[in-house]
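Reading through the structure tokens given below for one structure.
For this chain, numbers begin at 1 and follow the sequence in order.
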Amino acid sequence: AYVKDNYPDGINILVNNAGMAYKGDSTAPFGEQAEVTMATNYTANLNMCKEFLPLMAKDSRLVNVCSGVAVFALHRMKKDMADKLKGPMSMEELDQTMASFVSHAKVG
């Protein structure tokens, strides 16, 4: 209601800049790290877009910010997974891929 009431023509820019990472020496289990990291870096950004994109003004801009760690991670993972993440996929496929990563991380 606040955005609709105060920006009747829509908002002009949405910047997603949520991001976090555990330190390399963290003692948190990897499954927990994966779950918390994905909740912030993927799910929270996705939810923000779902809520705010319908409130965007005509010719507005969406800016998604990420660190260089994302690019570094692509170079460290198996080629088939990196190719999958860089290629076209539906939101459902992407959601399943992210959930699969968390599930595998929890199992070890």
Side-chain angles (χ1 to χ4, degrees):
Y2 176 85
V3 173
K4 285 183 182 179
D5 292 345
N6 290 284
Y7 301 91
D9 295 328
I11 53 178
N12 293 312
I13 189 164
L14 174 62
V15 178
N16 280 326
N17 193 25
M20 60 83 60
Y22 282 80
K23 300 285 184 194
D25 61 353
S26 173
T27 58
F30 185 65
E32 176 184 317
Q33 292 184 36
E35 186 172 41
V36 172
T37 302
M38 284 301 210
T40 301
N41 297 353
Y42 176 71
T43 308
N45 279 309
L46 180 60
N47 290 342
M48 181 75 148
C49 287
K50 286 179 180 178
E51 291 294 323
F52 280 88
L53 285 178
L55 304 174
M56 301 291 287
K58 185 178 191 270
D59 297 323
S60 59
R61 301 291 185 260
L62 168 64
V63 179
N64 286 309
V65 179
C66 71
S67 72
V69 174
V71 176
F72 181 68
L74 281 172
H75 292 292
R76 293 187 62 207
M77 67 180 62
K78 292 183 179 179
K79 184 179 179 340
D80 61 328
M81 181 55 72
D83 289 345
K84 180 178 180 177
L85 290 171
K86 290 188 282 186
M89 68 173 78
S90 69
M91 284 307 305
E92 183 178 335
E93 290 170 309
L94 184 56
D95 287 342
Q96 289 171 352
T97 301
M98 298 300 110
S100 176
F101 167 72
V102 172
S103 295
H104 283 88
K106 286 181 173 183
V107 173

For Lys86, the side-chain hydrogen bond (donor to acceptor under 3.5 Å, both in side chains) test, sequence neighbours excluded, returns none
Residue pairs meeting side-chain hydrogen bond (donor to acceptor under 3.5 Å, both in side chains), one or both in residues 39-53, sequence neighbours left out, come to Tyr42-Asp95
Check your understanding: Can you check whether Leu46 reaches Met91 side chain to side chain, under 4.5 Å on heavy atoms?
Key -> yes
The complete set of salt bridge (Lys or Arg N to Asp or Glu O under 4.0 Å) pairs with one or both residues in residues 68-80, sequence neighbours excluded, reads Lys79-Asp83
Enumerate donor-acceptor pairs with a distance under 3.5 Å from any side-chain N or O in residues 98-108 to protein atoms, sequence neighbours excluded.
{"from": "Ser100", "atom 1": "OG", "to": "His104", "atom 2": "ND1", "distance (Å)": "3.2"}
{"from": "Ser103", "atom 1": "OG", "to": "Ala99", "atom 2": "O", "distance (Å)": "3.1"}
{"from": "His104", "atom 1": "ND1", "to": "Ser100", "atom 2": "O", "distance (Å)": "2.7"}
{"from": "Lys106", "atom 1": "NZ", "to": "Glu35", "atom 2": "OE2", "distance (Å)": "2.9"}

For residues 54-61, run the donor-acceptor check on the side chains, cut-off 3.5 Å, and write out each pair with its distance to 0.1 Å, sequence neighbours left out.
{"from": "Ser60", "atom 1": "OG", "to": "Ala57", "atom 2": "O", "distance (Å)": "2.7"}
{"from": "Arg61", "atom 1": "NH1", "to": "Asp59", "atom 2": "O", "distance (Å)": "2.9"}

Review item, side-chain donor-acceptor pairs of residues 2-31, under 3.5 Å, at least two apart:
{"from": "Asn6", "atom 1": "ND2", "to": "Tyr2", "atom 2": "O", "distance (Å)": "2.9"}
{"from": "Asn16", "atom 1": "ND2", "to": "Asn64", "atom 2": "OD1", "distance (Å)": "2.8"}
{"from": "Ser26", "atom 1": "OG", "to": "Ala28", "atom 2": "N", "distance (Å)": "3.1"}

Are Met77 and Met89 connected, step by step, through hydrophobic side chains (Ile, Leu, Val, Met, Phe, Trp, Tyr) whose heavy atoms are closer than 4.5 Å?
yes
With sequence neighbours left out, the residues meeting side-chain hydrogen bond (donor to acceptor under 3.5 Å, both in side chains) with Gln96 are Glu92
When rounded to the nearest 0.5 Å, the distance separating CE of Met81 from OG1 of Thr97 is 6.0 Å
side-chain hydrogen bond (donor to acceptor under 3.5 Å, both in side chains) filter on Glu93, not counting sequence neighbours, yields Ser90
